[in-house]
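Report on the following structure.
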Amino acid sequence: MFFSSPPSPASLIIFSPPLKPNSGQPPYELLKTHPSLSLVSKCKNIQTLKQIHAQIIKTGLHHFQFTLSRLIEFCAVSSAGGGETGLSYALSIFESMEDQPNLFIWNNMIRCYALSSSPDLAIQFYIRMLGSGMEPNSYTFPFLLKSCTAGGLFQQGKQIHSHVLKMGLETDLFVHTSLINMYARNGELVDARLVFDKSCHRDVVSFTAMITGYASGGYLDDARRLFDEISVRDVVSWNAIIAGYVQSGRFEEALRFFKDMLKGNVKPNESTMISVLSACAHSSSLEMGNWVGSWIEDNRLGSNLRLVNALLNMYCKCGDLEKARLLFDGISRKDCVSWNIMIGGYTHMGRHKEALHLFQQMQRSGEEPNEVTILSILPACTYLGALETGIWIHAYLDRHFKWSTNTSLSTSLIDMYAKCGNIQSAKQVFDSIYPKSLASWNVIISGLAMHGHVDSSLELFSKMVDEGTEPNDITFIAVLSSCSHGGLVEQARQYFYSMVNDYKISPKLQHYGCMIDLLGRAGLFDEADSLIKSMEMKPDAAILSSMLGACKVHDKVELAEVISDKLFELEPDNPGGYVLLSNIYAAAGRWDDVAKIRTRLNDRGMKKVPGCSSIEVNSVVHEFLVYDKTHARSKEIYTMLDEIDKLLELAGHKPDTSEVLYDIGEKQKEGALCYHSERLAIAFGLISTRPGTTIRIVKNLRVCGNCHSATKLISKIFNRDIIARDRNRFHHFRDGSCSCMDYW
DNA sequence: CTAGGGTTAG
């Protein structure tokens, strides 16, 4: 098959006299300088090598072992011809050789195996070599030991070590370093150190092998000590120590080493920069990262994808998405990693719509998503409530991955279903996976809680404990919030007690938050207060806000004033608390105080976080703000809103305008309510989906009381299930009532 | 008669 290549390009055709073996003179001088052979070293890929091979046969050069040696060596060395193709090509030459292969050829065959995907076969080849009467030399062992390192073959490595001793080759610097590396990479640091200490001829390379071993085992102090002992440090030794600190998460120190390296006038290379970029990404060192960016440009390395991806990752992790996107768009041959980094960057910064959009572009580009892609895109679906896209991904996973054993993938999928409003599918996926990780228990328990399935949520918690999975602090947030959604005061007390005493988990702010929210809502202000006093940390804004909310439910105006003073001290510029207090005043009819707060808000120039609701239709996420008129079908939406309004009025719905803060007329206040973002999303859902289809919307804030009662009626009037996720929980509206039983 | 060891992003 090697002779079936198309005719050589003109540049490869060499007219030279055929050579004959055994013609008296040893032809090595001639061979070395023969044009066909010097071409081998310039060879770019295996295709070209085949053409040269054909040429060699034509000229009779293949009768000389020297020639074949060079070909096999090429297969072992060249990255273009290496790997599996290189190995099989080398093998075919080896097996069809006329004479006994010499040691050089045996050694290079072992070298081919070391770089292949089955390095263990190198050992078999070595045994075959011994069987044919060949004795290994100082070149054989580095290749062989490299195979043991690559294949994790510690036992075989040990045996080979005894061969080394028998041959008296342990003092050979190359063999010595290979042994250290083999032991170190197999996690046998003590053995590695024994070998290291035995030799008195150590150089920077053997030091580095030992340092790498220590560093990858997390023994940074040992690595550091050896590093200090090296008299002349080169790039690779610097890289090893820098990478070691990066892998241990000690990024600032890694960057300090890098600066020392530059001070010592050692020139960094691509590997250095990949580690440095990783350190910058993790420690948000944008300045240093930018410096590396210009270094890459100066050294014209813009086409090195590994390096550019690392740079891209740095920009994303440092939050400079604009620069990242510019770089990303400029990469001509993006790989899966480039896409993953950019998509993950958007998700990470909360720009979920852009993440989803880029994911769709990725599919159009023909690049296949992998597990990492899915793990960054699922949270975006979850956040946006993009159930259709989520279902598509589920089907994609079924087709392409064995995902049910991948715990993070399945957990992410369960979370997506739960938070996109489809708790049944979440439960189905949960039931189907094995093993069930702690995280998967946590997401299903909190998912059920959010949907108001309090009983099954708590049952699942008992089942989890029965099956021997130890709950953690996150589990208890889920359990306590479950109690909170169900108004189960006594159970919550018991779980809280059990968490502290049985599981020795010290409560965090969120645990206190659930408890205080629950106690406050139940009107148990004294107990809530003493719980706050027992906390070892100061109550945060969330806790004070939920106390304030409880004051509203129970008309506690004076207490509300005390609490809001503390809240305003903590967050003077967050309008949420002011709005809540003003609502409490409004409910008590204290309009003067309402006006005072409004002035305070205006003086400080505070803006409420705008309410935003989204709905996914045909895999496209549509977002709406209050009074939003930017949507392409805005006209139809507002016609629908008017229609809804009329029907609501007919059904006897009376808008409660007391919570509207602005100084406007009663009629306008009603308007402000009708155009709340969730109302717009629902109206769009009604006009863009078939009758009877469930409408799912997601809101970034809590749903207001007025919209809640309106939505209940809408579900009845239009005969639709409406599933709404707000900041706090899910509301399933059906036939005029809501799954939350008006408790939220 | 040719060769060999240590560093590598999501």
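It should be emphasised that the depicted structure is a prediction, and the values quoted were computed from it without experimental measurement. Here is how names work: the chains are called A, B, and so on, in the same order as the sequence lines, proteins then strands, and each is numbered from 1.
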Checklist entry - When you look at CD of A/Glu135, are more than 12 heavy atoms from neighbouring residues, nucleotides or ligands closer to it than 6.0 Å? => result no

Next on the checklist: Can you confirm whether more than 12 heavy atoms, excluding those of A/Tyr383, are under 6.0 Å from its OH atom?
Outcome noted: no

Whole angstroms only, please: what is the [atom1]-[atom2] distance between [X] and [N]?
{"X": "A/Met288", "N": "B/dA9", "atom1": "CE", "atom2": "P", "answer": "18 Å"}
{"X": "A/His282", "N": "B/dG10", "atom1": "NE2", "atom2": "P", "answer": "6 Å"}
{"X": "A/Gln247", "N": "B/dG10", "atom1": "CD", "atom2": "P", "answer": "11 Å"}
{"X": "A/Leu305", "N": "B/dG10", "atom1": "CG", "atom2": "P", "answer": "14 Å"}
{"X": "A/Leu312", "N": "B/dA9", "atom1": "CG", "atom2": "C1'", "answer": "10 Å"}
{"X": "A/Asn181", "N": "B/dG4", "atom1": "CG", "atom2": "C1'", "answer": "13 Å"}
{"X": "A/Phe74", "N": "B/dG4", "atom1": "CZ", "atom2": "P", "answer": "14 Å"}
{"X": "A/His201", "N": "B/dG5", "atom1": "NE2", "atom2": "C1'", "answer": "16 Å"}

Sugar-phosphate only, base, or nothing, as touched by [X] at under 4.0 Å among non-hydrogen atoms:
{"X": "A/Ser138", "answer": "base"}
{"X": "A/Gln65", "answer": "nothing"}
{"X": "A/Asn309", "answer": "base"}
{"X": "A/Asp335", "answer": "nothing"}

Checklist entry - Has the side chain of A/Asn107 got a donor or acceptor atom sitting under 3.5 Å from an opposite partner on the base of B/dA3? => result yes

Checklist entry - Counting only distance, no hydrogens or angles, is the base of B/dG6 paired donor-acceptor with the side chain of A/Ser178 under 3.5 Å? => result no

Checklist entry - Does anything in residues 159-179 of chain A pair up under ring-ring contact (aromatic ring centres under 6.0 Å, His included), and if so which pairs, sequence neighbours excluded? => result A/Tyr126-A/His163, A/His161-A/Tyr183

Next on the checklist: Suppose we screen for ring-ring contact (aromatic ring centres under 6.0 Å, His included). Which residues come up paired with A/Phe94, at least two apart in sequence or across chains?
Outcome noted: A/Trp106, A/Phe125

Item to check | Under the ring-ring contact (aromatic ring centres under 6.0 Å, His included) test, residues paired with A/Phe104 that sit two or more places apart | outcome: none

Next on the checklist: Using salt bridge (Lys or Arg N to Asp or Glu O under 4.0 Å), reason through A/Lys198 and A/Glu170 one step at a time and then give a plain yes or no.
Outcome noted: CA-CA 9 Å; A/Lys198 252 199 244 167; A/Glu170 211 191 20; 3.5 Å; yes

If the cut-off is 4.0 Å, is [X] near the phosphate of [N], judged by side-chain N/O to OP1 or OP2?
{"X": "A/Lys146", "N": "B/dG4", "answer": "no"}
{"X": "A/Lys317", "N": "B/dA9", "answer": "no"}
{"X": "A/Arg111", "N": "B/dA3", "answer": "no"}

Checklist entry - Has A/Phe104 got its ring stacked on B/dT2, by the test of a centre gap below 5.5 Å and a plane angle below 30°? => result yes

Checklist entry - Is the side chain of A/Thr67 donor-acceptor paired with the backbone N or O of A/His63 at a distance under 3.5 Å, no angle test? => result no

Checklist entry - Sub-3.5 Å donor-acceptor pair from the side chain of A/Ser116 to the main-chain atoms of A/Tyr113, do we have one? => result yes

With a 4.0 Å heavy-atom cut-off, tell me which residues in [range] come close to DNA chain B, sorted by residue number.
{"range": "residues 159-177 of chain A", "answer": "A/Asp172, A/Leu173, A/Phe174, A/Thr177"}
{"range": "residues 205-242 of chain A", "answer": "A/Val205, A/Ser206, A/Thr208, A/Thr212, A/Asp234, A/Val236, A/Ser237, A/Asn239"}
{"range": "residues 351-372 of chain A", "answer": "A/Asn370, A/Val372"}

Item to check | Any donor-acceptor N or O pair under 3.5 Å, side chains A/Asp335, A/Asn309 | outcome: yes

Checklist entry - Nearest heavy-atom pair of A/Leu255 and A/Ser285: which atoms, and what distance? => result CD1-OG, 3.5 Å

Checklist entry - For the rings on A/Phe227 and A/Phe207, is their centre-to-centre separation under 6.0 Å? => result no

Checklist entry - Which nucleotide sits closest to the side chain of A/Asn102: B/dT2, B/dG5, B/dA9? => result B/dT2

Next on the checklist: Nearest to the A/Arg306 side chain among B/dG5, B/dT2, B/dT8, which nucleotide is it?
Outcome noted: B/dT8

Item to check | From CA spacing to verdict: salt bridge (Lys or Arg N to Asp or Glu O under 4.0 Å), A/Arg225, A/Asp221 | outcome: CA-CA 6 Å; A/Arg225 257 195 295 280; A/Asp221 294 340; 5.9 Å; no

Next on the checklist: Set out, in order, the CA-CA distance, both residues' side-chain angles and the distance that settles salt bridge (Lys or Arg N to Asp or Glu O under 4.0 Å) for A/Glu322 and A/Arg351, then state yes or no.
Outcome noted: CA-CA 12 Å; A/Glu322 273 46 57; A/Arg351 289 164 63 166; 3.2 Å; yes

